[in-house]
Amino acid sequence: MPINVHQNGKLFHLTNQKLSYLIQILEDGTLGNLYFGKKVSDREDFYHLIENEYRPNTAYVNKGEVDFSREHLRQEYPVYGTTDYRHPAVSVLQENGSRIVSLKFVEYHIYQGKKKLEGLPATYTESEEEATTIDFILFDELINLELVLSYTVFEEHSAISRSVQILNKGVEKLHLEKVMSLSLDLPDCEYEMLQLSGSWGRERFPEFRKLVSGVQSIESTRGSSSHYQNPFLALKRLDCTEHTGEVLGFSFVYSGNFLAQVEVDTYDVSRVTMGINPFQFDWLLKSGETFQSPEVVMVYSDEGLNGMSQTYHKLYRERLARGAWRDKERPVLINNWEATGMDFTEEKLLEFAETAANDGVELFVLDDGWFGGRRHERAGLGDWVANKELLPNGITGLAQKINELGLLFGLWFEPEMVNEDSELFRSHPDWIIKVPDRQASHGRHQYVLDFSRAEVVDHIYQMVAKILREADISYVKWDMNRCITEPYSIALPPERQGEVFHRYMLGVYDIYERLTTEFPDILFEFCASGGGRFDPGMLYYSPQGWTSDDTDAVERMKIQYGTSMVYPLSMMGAHVSAVPNEQSYRNVCLKTRGNVALFGSFGYELDLNTLSEEERIVIRRQVEFVKDQRKVIQEGTFYRLLNPFETNYCAWMVVSKDKNTVIVGYYKILNEVNAPFKRLYLKGLEPEQQYQRIDNAHLYYGDELMNIGLITSDTSCGQIIDGRVPSHDFDSQLIVFKAK
Ligand code: DGJ
């Protein structure tokens, strides 16, 4: 039983093969946390873990007693102001101006499987045996406020998900000022915090910092999860490496504003909180209303960062991503954006596509510029109707011609945005997010549509759906190219303006849900100026996303390495683009560009007609390789081997589910003269299995490759010998082994 209940319903041990999580009902009826970590033996009583000691300068709960202070207790869902001075999990403003609440345990319910979170993305189960859920009901008697804390323990994953529902069963109007999805008090602070930070073009670079006393946090205030911080943090023990040691991961299944924080108190207790960012958040909860928080997925690993990542990869790939494309091999695509921008004609597109079809590409994607008056960035967004001057037979006609070339057809949209110069804006100037009588700031000359309003979402839904109904479209790229400013909705009363950001996200999730339901066979790819909304929430609707607008292979090593901390390869759109690269102006050889991109959902972002015949041969080989191996790459176990942030090298590998195929990518950033000999230590192989290297037929045992290593030394002796071409900057090796 993954949830053991002891002491007549006072102690709860959530456990599976890997982890344990202990919750105790404390003497005052609140919930305490006793442990989260490696699986421990079950027992009747863990009460000795509660340290109720007298401490100076402390406020105590019970009159006449000096041993019960919430300040010193490790709590499960803490409130502020009743002896605990740390940041709480929840803050509720009441009609009398007070924010003091008292949440006492009432009852619990255990059931198999997992409930759906209404209107929100979340992990799920396909059969009830896959997980067990416990709901704790907490209640504030004075204001009749009920909280339901839900915990799901997955049978096969070292993971627990958590979310919170709040119900106003009283008569007051309450303002929820803060509702964190997770709060967890850990007994010490001997951790390094890992965050994935960056910017446009360099998303999700891992950063580590040792926890210190006080608050350390990351957040988004931009209306999307953002390029800048990803809704994830991990706490790793100081001796934890990529492959060994303990780490706790916390990942927020949400795409809007978030806060992820660790507060280390004066006694070194680390309080982790994660949820919707309370900054600019204020949700009015009237009598009878309910608020549902998004969920956090917590992972425990004692196999280092790789162990944590592999748990997220599998769980997210199999039980967060959904739909027909979840398990299907993804088509090799070609996108015209970097090749043509908005400067194309139908004829040019067909030439572009025909060559791609000849080289084995399977899906042609028409990016920005095909609709309304969109010939540049200043016009057209919002008018989702084909520009007949460019495409005389509309999208339907173009899709048909593309299909005749033997390619699937895909199309770009940016449904959440509008340009001032558009029919949509001219008819509905009041549909944008802005404060009345104040200036609205623009980003890329565009405004954000008020997706907190159902009529706006409906209108856009109808426009997009019309095109998808009429044409044979197999793929949609859903872009979002600016952050929200001046958050305000004219459809909401003043007391509800703090709801705009979250209601906007609910509107986005709603349109995604409706489109993916009406068009279940379309492969959706999310995008936000590259990876500006690359998060678990998006994965629930689209099984893949555009990882970054930076397509330079060397930069991509870092971006893909960092992204893989949480997200599976199947989710990472990765394309080979032209050189010199549009973002870095770097010249990386075609081989390496391919060798990096194929560790993702593979595609091209260049005009193949501009390549030489030799290069086209390389392209055809790459496409063939991807078609042969994409199942392994999509579903296999991924290992990071060499860190491009710390070394001149990057290496990673994938081992197929049955462990019979192994694909290694090994990359050198700058060439070294007369370089030392190098070995790569592989991971995850069957020790006694013989593996044959495909390019030279050498045989190795698994344990040999893992312990003695694979020799990777190249020809960088610093001199040209017998006309042999020495290695060069940005060189790479792609090595495949098959079990013999
Ligand atoms: C930003 C995306 O990341 C690009 O791939 C491209 O689709 C452009 N937008 C088009 O405007």
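Just follow the structure's listing: the first ligand is 1, and inside any ligand the first atom is 1.
Considering only residues two or more places apart in sequence or on other chains, His502 meets the ring pair (Phe, Tyr, Trp, His ring centres under 6.0 Å) condition with Tyr254, Trp283, Phe291. By the ring pair (Phe, Tyr, Trp, His ring centres under 6.0 Å) test, Phe232 is found to be paired with no residue, residues two or more places apart in sequence or in another chain being considered. Residues passing the ring pair (Phe, Tyr, Trp, His ring centres under 6.0 Å) test with Tyr447, sequence neighbours excluded: none.
No option in Tyr541, Trp546, Phe534 other than Phe534 meets the ring-ring contact (aromatic ring centres under 6.0 Å, His included) test with Phe526.
Every protein residue with a heavy atom nearer than 4.0 Å to ligand 1 is included here: Trp337, Asp367, Asp368, Trp412, Arg444, Lys477, Asp479, Asn481, Cys527, Ser529, Gly530, Trp546, Asp549.
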Phe524 vs Tyr512, test: side-chain contact (heavy atoms from CB on, under 4.5 Å). Steps then yes/no.
CA-CA 9 Å; Phe524 281 80; Tyr512 254 115; 4.3 Å; yes
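With hydrogens and angles ignored, the 3.5 Å screen pairs no side-chain donor or acceptor of Asn419 with any backbone N or O of Ser422.
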